[in-house]
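Each remark here refers to the structure printed beneath this line.
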Amino acid sequence: MWRALAAVGDALPDETRVVVVRGAGHSFSAGLDRSMLAPGGAPEGVETVADLLTASDEQMSATIDDYQQGFTFLRDPRFISVAAVQGYAVGAGFQLALACDLRVVADDAQFCMKESALGLVPDLTGTKPLVESVGYARALEICVTARMVGAAEAVAIGLALAAVPAGELDATVADLVGALTAPMPDAVTETKALLLGAADRDLEEQRRLEREAQVRRFREVARLTTGQ
């Protein structure tokens, strides 16, 4: 599935403006099937986490890198990604929601970074956006304790934009998508690119990038207005 997600990202057309990620059924994602951790835990020919143990360290790292591509594409500046989370978002499911730019949750949503309970670490790109969303101390506590974070708390600590009754989740997400697609596409793309890297840049570099982006926007707006 993680490889399939990466393929989805590769296949998205350039004109895509918003990607909504949701789970089928009553939960966003209950996380990794634990049978995948044990040798012989899946049908023959199906890739499992246990297969990693037969690989060298370099091969194992390269395989995890492949898995991570199924998550990182959601940060692409070409579009805005939204996680519509209902029910459980556990482990890899939590990290998939974190890979999205924005999260809207049903009031029954439950987030859990379960990896530490299995003796593992979150390795599907979830650690950086979690710290960016809730701060280092709260992120550490959530990851190490592997506790559940409910919908109300998720909103309170900045993990989610809003929590709504499950029956209103689709309509709320649709309204958000409408608002996100209202501005000119390139203005959204430029803004996301500026904000994505802002925390890692000093003020002078950020100011320069803002100026350069704004010059491009002025030129584009003038072109569209005058037809030249």
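Values below: every heavy atom of this structure, side chains too, minus hydrogens, waters and symmetry copies. One is the number of the first residue; the rest follow in order along the sequence. Everything quoted here is computed from the prediction, not taken from an experiment.
Evaluation of the salt bridge (Lys or Arg N to Asp or Glu O under 4.0 Å) rule for Glu204 yields Arg207 as partners, not counting sequence neighbours. Judged as a salt bridge (Lys or Arg N to Asp or Glu O under 4.0 Å), and not counting sequence neighbours, Asp202 has no contacts. Here Tyr67 pairs with Trp2 under the ring-ring contact (aromatic ring centres under 6.0 Å, His included) rule; sequence neighbours left out. With sequence neighbours excluded, the residues that form a side-chain contact (heavy atoms from CB on, under 4.5 Å) with Arg22 are Val20, Ala84, Asp170, Val173. With sequence neighbours excluded, the residues satisfying side-chain contact (heavy atoms from CB on, under 4.5 Å) with Arg147 are Arg138, Glu141, Ile142, Thr145, Val149, Glu153. Under the side-chain contact (heavy atoms from CB on, under 4.5 Å) criterion, Asp66 pairs with Arg3, not counting sequence neighbours. Under the rule for a side-chain contact (heavy atoms from CB on, under 4.5 Å), the partners of Ala83 that lie at least two apart in sequence or sit in another chain are Phe28, Val85, Ala97, Cys100, Arg103. By the salt bridge (Lys or Arg N to Asp or Glu O under 4.0 Å) test, Asp108 pairs with no residue at all, sequence neighbours left out.
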Audit row: Glu220, Arg217, salt bridge (Lys or Arg N to Asp or Glu O under 4.0 Å) steps and yes/no: CA-CA 5 Å; Glu220 178 66 8; Arg217 298 312 310 139; 5.3 Å; no
Evaluation steps, side-chain contact (heavy atoms from CB on, under 4.5 Å), between Val82 and Val19: CA-CA 6 Å; Val82 180; Val19 172; over 6 Å; no
side-chain contact (heavy atoms from CB on, under 4.5 Å) between Val121 and Glu115, worked out: CA-CA 5 Å; Val121 300; Glu115 283 77 3; 5.6 Å; no
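Among all heavy-atom pairs drawn from Leu194 and Ala213, the shortest one is CD1-CB, 4.3 Å. Nearest heavy-atom pair across Leu130 and Met113 is CD2-CE, 4.1 Å. The minimum heavy-atom distance linking Pro122 with Cys143 is given by the pair CG-SG, 4.2 Å. In terms of heavy atoms, Cys112 sits closest to Met148 at CB-SD, 3.5 Å. Across Ala146 and Ala117, no two heavy atoms sit closer than the pair CB-CB, 4.3 Å. Contact between Leu169 and Gln86 at its shortest, heavy atoms only, is CD2-CB, 4.1 Å.
Applying the 6.0 Å contact sphere to CE of Met1 captures no more than 12 heavy atoms from other residues, nucleotides or ligands.
Hydrophobic cluster membership differs between Val221 and Phe218, with clusters built from Ile, Leu, Val, Met, Phe, Trp and Tyr side chains linked at under 4.5 angstrom. Hydrophobic clustering of Ile, Leu, Val, Met, Phe, Trp and Tyr side chains at less than 4.5 Å, counting indirect connections, unites Val134 with Leu124. Phe71 and Met60 fall within the same hydrophobic cluster, defined by Ile, Leu, Val, Met, Phe, Trp and Tyr side-chain heavy atoms under 4.5 Å apart, directly or through other members. Hydrophobic clustering keeps Val104 apart from Phe79 (ILVMFWY residues linked when any side-chain heavy atoms are closer than 4.5 Å, directly or through intermediates). Residues Val21 and Val105 fall within the same hydrophobic cluster, defined by Ile, Leu, Val, Met, Phe, Trp and Tyr side chains chained together at heavy-atom separations under 4.5 Å.
With respect to Arg216 and Glu190, a salt bridge is recorded, a charged nitrogen being found less than 4.0 Å from a carboxylate O. Salt-bridge formation is detected for the pair Glu212/Arg208: a Lys NZ or Arg NE/NH1/NH2 atom is positioned less than 4.0 Å from an Asp or Glu carboxylate oxygen.
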Taking only distance into account, with no hydrogens and no angle test, what donor-acceptor pairs under 3.5 Å do side-chain atoms of residues 154-165 form with protein atoms, sequence neighbours excluded?
none

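Remark: side-chain polar atoms of Ser29 are paired, donor with acceptor, to backbone N or O of Gly31 under 3.5 angstrom. Ser27 contributes no side-chain N or O that, together with a main-chain N or O of Gly87, makes up a donor-acceptor pair within less than 3.5 Å. The backbone N or O of Arg211 lies less than 3.5 Å from no partner atom in the side chain of Gln214, so there is not a single donor-acceptor pair.
You'll find the side chain of Thr181 stays beyond 4.5 Å of the side chain of Val188, heavy atoms only. Residues Val90 and Gln110 are not in side-chain contact: their nearest non-hydrogen atoms beyond the backbone lie 4.5 Å or more apart. Side-chain contact between Thr16 and Arg78: absent, with no pair of heavy atoms (C-beta onward) separated by less than 4.5 Å.
A distance of 4.0 Å separates CG of Leu180 from CG of Leu176, quoted to the nearest 0.5 Å. Here the straight-line distance linking atom OG1 of Thr127 with atom CG of Leu140 works out to 11.5 Å at 0.5 Å rounding. Arg17 contributes atom CZ, which lies 14.5 Å from atom CG of Leu12 (distance to the nearest 0.5 angstrom).
Donor-acceptor pairing under 3.5 Å is lacking for the side chains of Gln68 and Gln95.
Note on residues 119-137: pairs passing salt bridge (Lys or Arg N to Asp or Glu O under 4.0 Å), not counting sequence neighbours, are Arg75-Glu132, Lys128-Glu132, Lys128-Asp200. Among residues at least two apart or in separate chains, there is no ring-ring contact (aromatic ring centres under 6.0 Å, His included) pair with a member in residues 190-210. Residue pairs satisfying the ring-ring contact (aromatic ring centres under 6.0 Å, His included) criterion with at least one member in residues 102-140, sequence neighbours excluded, are listed as follows: Phe94-Phe111.
For the side-chain contact (heavy atoms from CB on, under 4.5 Å) criterion with Leu74, the lone passing option out of Asp101, Leu96, Leu5 is Leu96.
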